[in-house]
Amino acid sequence: MFRLSFPKNEQTDALAHAILSLRSEAECYAFFEDVCTIKEVLSMAQRLRVAELLSEGNSYQSVCEKTGASSATVGRVKRCLDYGSGGYSMIIDRQKGK
């Protein structure tokens, strides 16, 4: 089981189930268009890219330059990779398996 820092409750369960019900990239885009702001989607995408680059061994400075992320964002993602619930690593591993 993953360690969560946010509450697991009826509403967060419903959100997880909604995401799991998406069947295509188009559905994913439509759902996130309605649920998130553009900035939120772009921030999530940037953090995932930061995680990918860090997991490949890129330096903080290189990651900042390649993604435009702040050093604070890179540091936060690195902490999640090292001490988080394993979500980034799980997704990165699955995408490598494509």
Side-chain angles (χ1 to χ4, degrees):
M1 189 71 185
F2 296 102
R3 186 180 67 233
L4 300 175
S5 60
F6 58 86
K8 183 180 180 328
N9 59 36
E10 200 172 304
Q11 288 180 332
T12 57
D13 286 350
L15 176 61
H17 293 193
I19 292 168
L20 289 169
S21 74
L22 299 171
R23 295 185 181 145
S24 68
E25 187 175 284
E27 286 185 2
C28 186
Y29 272 96
F31 180 71
F32 281 101
E33 172 82 19
D34 289 348
V35 172
C36 300
T37 65
I38 293 169
K39 184 173 171 53
E40 289 168 336
V41 172
L42 293 175
S43 292
M44 287 187 290
Q46 181 186 61
R47 289 192 298 268
L48 179 57
R49 183 65 183 137
V50 166
E52 291 167 344
L53 291 170
L54 288 172
S55 71
E56 293 170 1
N58 287 274
S59 69
Y60 276 40
Q61 183 171 343
S62 171
V63 172
C64 289
E65 290 170 2
K66 289 178 181 180
T67 64
S70 69
S71 58
T73 296
V74 175
R76 181 182 182 282
V77 171
K78 178 66 172 155
R79 280 189 301 281
C80 288
L81 284 168
D82 292 344
Y83 308 109
S85 64
Y88 281 126
S89 296
M90 176 189 59
I91 292 299
I92 291 167
D93 289 346
R94 286 184 184 169
Q95 289 185 336
K96 283 181 186 175
K98 279 186 173 177

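What you see below is based on every heavy atom in this structure, not just the backbone, and it leaves out hydrogens, waters and symmetry mates.
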For Asp34, what residues pass the salt bridge (Lys or Arg N to Asp or Glu O under 4.0 Å) criterion, not counting sequence neighbours?
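By the salt bridge (Lys or Arg N to Asp or Glu O under 4.0 Å) rule, Asp34 matches no residue at all.
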Should side-chain heavy atoms under 4.5 Å link Ile, Leu, Val, Met, Phe, Trp and Tyr, which residues sit in the same cluster as Val35?
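Members besides Val35, by chain and number: Leu15, Ile19, Leu22, Phe31, Phe32, Val41, Met44.
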With ILVMFWY side chains joined below 4.5 Å, transitively, what does Tyr83's cluster contain besides itself?
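Cluster partners of Tyr83: none, it stands alone.
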Pairs where residues 14-31 contributes a residue and the test side-chain hydrogen bond (donor to acceptor under 3.5 Å, both in side chains) is met, not counting sequence neighbours
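Not a single pair qualifies under side-chain hydrogen bond (donor to acceptor under 3.5 Å, both in side chains).
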Run the side chain to side chain contact (heavy atoms under 4.5 Å, CB included) test against [X] and tell me which residues pass, sequence neighbours left out.
X	answer
Glu40	Cys36, Thr37
Asp82	Lys78
Ile91	Leu48, Gln95

Please report the shortest heavy-atom distance between Leu81 and Ser89, naming the atom on each side.
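The pair with the smallest heavy-atom distance is CD2-OG, 3.9 Å.
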Please list, one pair per line, the donor and acceptor atoms closer than 3.5 Å that link side chains of residues 50-59 to other protein atoms, with sequence neighbours excluded.
unit_1, atom_1, unit_2, atom_2, d
Glu52, OE1, Arg49, NH1, 3.2
Ser55, OG, Ala51, O, 3.3
Ser55, OG, Glu52, O, 2.8
Asn58, OD1, Lys66, NZ, 2.9
Asn58, ND2, Leu53, O, 2.8
Ser59, OG, Ser62, N, 3.1

Could you tell me which residues satisfy side chain to side chain donor-acceptor pair (under 3.5 Å) with Glu65, sequence neighbours excluded, listed by chain and number?
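Scan of Glu65 (side chain to side chain donor-acceptor pair (under 3.5 Å), adjacent residues dropped) gives Gln61.
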Residues, nucleotides or ligands: over 12 heavy atoms within 6.0 Å of Ile38 CD1
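No - once you tally the heavy atoms of other residues, nucleotides and ligands closer than 6.0 Å, there are 12 at most.
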Could you pull out all donor-acceptor pairs under 3.5 Å where a side-chain atom in residues 68-76 meets a protein atom, sequence neighbours excluded?
unit_1, atom_1, unit_2, atom_2, d
Ser70, OG, Ala72, N, 3.4
Ser70, OG, Thr73, N, 3.1
Ser70, OG, Thr73, OG1, 3.1

Going by salt bridge (Lys or Arg N to Asp or Glu O under 4.0 Å), name the pairs with one or both residues in residues 10-19, residues two or more places apart or in two chains.
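Residue pairs with at least one partner in residues 10-19: Lys8-Asp13.
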